[in-house]
Amino acid sequence: MRIPTRKKPEVLSPAGNLRGLKTAVDYGADAVYCGGKAFGMRSAPKNLSLEDFEEGSRYAHERGARVYVTCNVLPRNNEIEAMREYIGQLKDTGVDALIVSDIGVMMMARQVAPNLELHVSTQAGVTNYQAANAFYELGARRVVLAREMDLQAVRDIRANIPDDLDIECFVHGAMCMAFSGRCLFSNYLTGRDGNHGECAQPCRWKYSIVEEKRPGQYFPIEQTENGAYLFNSQDMNMLGHLDDLIDSGATSLKIEGRAKSAYYIAAMTNAYKTAVNEYMIQRGFEDADGNILLPFHDRVIRPSDPDYGQGTEDQVMRNADAAFAGVADEGYDRAVATSDALEPDGMSSHARSTRRKSNTAVEQIETGWKHAAVRPAPHVELPEWLLEETDKVAHRDYSTGFYYPEHKVTQNTDRSAYFRSWLVVGEVLSWSADEGGRVTLMSRNKIEPGQQVEFLLPGERPLAYIVPEDGLRDADGTPVPAINNPAHVFSMPCPHQVPINAAIRSRTKKPTLKAE
């Protein structure tokens, strides 16, 4: 049986293979999205076979999670019948939903697999409630908003669509420089079609200028010895701002990264799931044990609500101001948003509405449009260890994407590398209570006595542990001075019970600029 749609915020994690799917579920994902061997927008990962989908769906459903399959390429004429056959095969694997971007594929899926939910991909470019409602009428039960949307746009869409139409928003991972991912750059330069999952990411290559009469002489676009990276966008990180996004009507929180490692999936799934649990507790929807106290609801004021348009204080943006070091809006009184408080800069109301960070329900432009507001609530405070989790995976410089118009994502023009200050040094194979506790592990990098490591635990704070001076052994039980052979089995004393497959990580002696 398929798992019904959740009634509270969903943490949606990526998976590039069956192991990634199971890892995401083990670390708390409410749903996992993954591609098959064809018609998905990521061809670099191994992706899942039909048999993998069957096994993965069973595994997820037994643990209360759902599985979504990406069918979001923009198919050409000669691919239509193959797509129809593929969807017909998927419908019997137990997966819960198809993610589509092409309206023809969407109509085909309704005919071929009527029992599957339809989710509209970010590549469809949904930027307004009219488009969302149109897809709803066509049978969609979720829209993945374009990454160009700010929080106000999320609120406005939520306020003007049916409550049973989900809104999925990206919260973490790589950002694409093209509008909603639709790009021909890779096609032009390499022949690899970005709209068929084969993007070579030329937007992140290094570029210099060559003057036509001086061939072979390369001039940096910015005066650095390394040239410039013209379109090298920052990564998104909304962990510390999930309350703003959930309050604004987001139903599903999407982590990007189907080409990422199992460790990345585990760490980021665990972080965002823990943050959502904190939200549910601090907002009073659940107790610390996960028992429901109140039915979950967002804080968006809808046109049908009695207090719509009555000047509710924009607490979400006040929270944002504090988070962004109190950066003030020029000439704008944030206490209560009224039409009299708008900047006297001569801008049209349309332009001002786009530029300003705090657009509230009382702002009304000439056409009669009113922005939706959110009911005030205190900021959800996350523990410091949790906020630090995003720095323990390889990443580019972080930003909050386009959610806060005055703090938009930018690009790094001097480098394209990843930061990595933590390293996976092993994976737990088993734990035994014998000898006071002993963990058997598969080594990935060097582990030596006195080294501080962390065990990544599902639903908990990572377990910090100092490697003991004695007791390290190889697979044959022979004592060794250190664990320094990658992809070999070792064991070491550990009195704390740790789960199978838990990643063991350690801070690098010198931060590197490379991916995992």
Side-chain angles (χ1 to χ4, degrees), residues 1-13 24-32 60-66 96 141-142 151 154-155 158-159 161-169 171-172 238-255 268-302 304-308 310 312-320 322-323 372-387 389 457-461:
M1 291 185 62
R2 293 184 174 84
I3 303 298
T5 303
R6 288 172 59 81
K7 301 301 183 183
K8 60 183 183 181
E10 172 190 88
V11 173
L12 177 58
S13 298
V25 172
D26 289 344
Y27 278 84
D30 302 303
V32 184
H61 293 171
E62 288 169 358
R63 292 158 179 80
R66 311 176 84 210
D96 300 278
R141 286 301 170 262
R142 174 176 298 190
L151 281 179
V154 178
R155 303 180 198 177
R158 177 78 278 168
I161 64 175
D163 284 341
D164 63 341
L165 177 58
D166 289 350
I167 291 178
E168 184 178 303
C169 295
V171 294
H172 198 91
M238 282 289 288
L239 184 64
H241 307 272
L242 284 190
D243 53 346
D244 288 352
L245 191 54
I246 297 172
D247 286 348
S248 296
T251 313
S252 179
L253 310 171
K254 186 171 193 172
I255 300 169
M268 292 303 91
T269 299
N270 195 56
Y272 278 88
K273 180 62 174 180
T274 303
V276 169
N277 289 342
E278 283 292 325
Y279 173 94
M280 297 296 287
I281 292 169
Q282 294 185 37
R283 284 284 188 265
F285 297 119
E286 293 180 353
D287 62 21
D289 295 323
N291 298 311
I292 297 175
L293 303 177
L294 293 171
F296 168 75
H297 56 83
D298 58 63
R299 308 189 70 82
V300 177
I301 302 175
R302 292 153 170 77
S304 58
D305 294 340
D307 52 345
Y308 180 73
Q310 294 184 9
T312 301
E313 181 180 343
D314 193 353
Q315 186 66 38
V316 164
M317 291 307 177
R318 290 176 66 87
N319 294 342
V374 292
R375 294 183 175 85
H379 179 54
V380 171
E381 299 291 341
L382 301 179
E384 192 62 29
W385 73 263
L386 180 56
L387 295 172
E389 282 295 290
L457 306 178
E460 299 179 38
R461 180 174 183 161

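Atoms considered below: every heavy atom in the structure, side chains included; atoms not considered: hydrogens, waters and symmetry mates.
A donor-acceptor pair is defined here as one N or O able to donate and one able to accept, closer than 3.5 Å; such a pair exists between the side chain of N270 and the backbone of G459. Side-chain N or O atoms of R155 include none that pairs as donor or acceptor with a backbone N or O of R158 at under 3.5 Å. D287 places a side-chain N or O within 3.5 Å of a backbone atom of D289 that can act as its donor or acceptor partner. Within the 3.5 Å criterion, the main-chain N or O of V171 finds a donor-acceptor partner in the side chain of Y272. With hydrogens and angles disregarded, no donor-acceptor distance shorter than 3.5 Å links the side chain of E168 to the backbone of R142.
Using a cut-off of 4.0 Å between Lys/Arg side-chain N and Asp/Glu carboxylate O, K273 and D30 are scored as salt-bridged.
Of the inter-residue distances, the one linking R461 atom CZ with E389 atom CD reads 9.5 Å to the nearest 0.5 angstrom. Remark: I161 CD1 to R302 CZ distance equals 8.5 Å, nearest 0.5 Å. Taken to the nearest 0.5 Å, the NE2 atom of H297 stands 6.5 Å off from the CG atom of L294. Rounding to the nearest 0.5 Å gives a distance of 16.0 Å between NZ of K8 and CG of D298. Rounding to the nearest 0.5 angstrom, the gap separating the CE atom in M238 from the NZ atom in K254 is 16.0 Å. Rounded to the nearest 0.5 Å, atoms CG (D26) and OG1 (T269) are 10.0 Å apart.
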Check against side-chain contact (heavy atoms from CB on, under 4.5 Å), V276 and E10: CA-CA 8 Å; V276 169; E10 172 190 88; over 6 Å; no
Which is it for D247 and R283 under the side-chain contact (heavy atoms from CB on, under 4.5 Å) test, yes or no, and what are the steps along the way? CA-CA 10 Å; D247 286 348; R283 284 284 188 265; 2.7 Å; yes
Determine, step by step, whether D96 and H61 satisfy the side chain to side chain donor-acceptor pair (under 3.5 Å) criterion, reporting the C-alpha distance in whole Å, the side-chain angles of both residues, the deciding distance to 0.1 Å, and the verdict. CA-CA 10 Å; D96 300 278; H61 293 171; 2.8 Å; yes
Given V300 and V154, is the side-chain contact (heavy atoms from CB on, under 4.5 Å) satisfied, shown in steps? CA-CA 10 Å; V300 177; V154 178; over 6 Å; no
Show your working on side-chain contact (heavy atoms from CB on, under 4.5 Å) between R375 and D307 and close with a plain yes or no. CA-CA 10 Å; R375 294 183 175 85; D307 52 345; 3.0 Å; yes
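Across all their heavy atoms, I246 and F296 have their closest contact at CG2-CZ, 3.6 Å.
In this structure, I292 places its CD1 atom where only 12 or fewer heavy-atom neighbours from other residues, nucleotides or ligands lie under 6.0 Å away.
Side-chain atoms of M280 and F285, non-hydrogen and from C-beta on, do get closer than 4.5 Å to each other. V380 places a side-chain heavy atom less than 4.5 Å from the side chain of L382.
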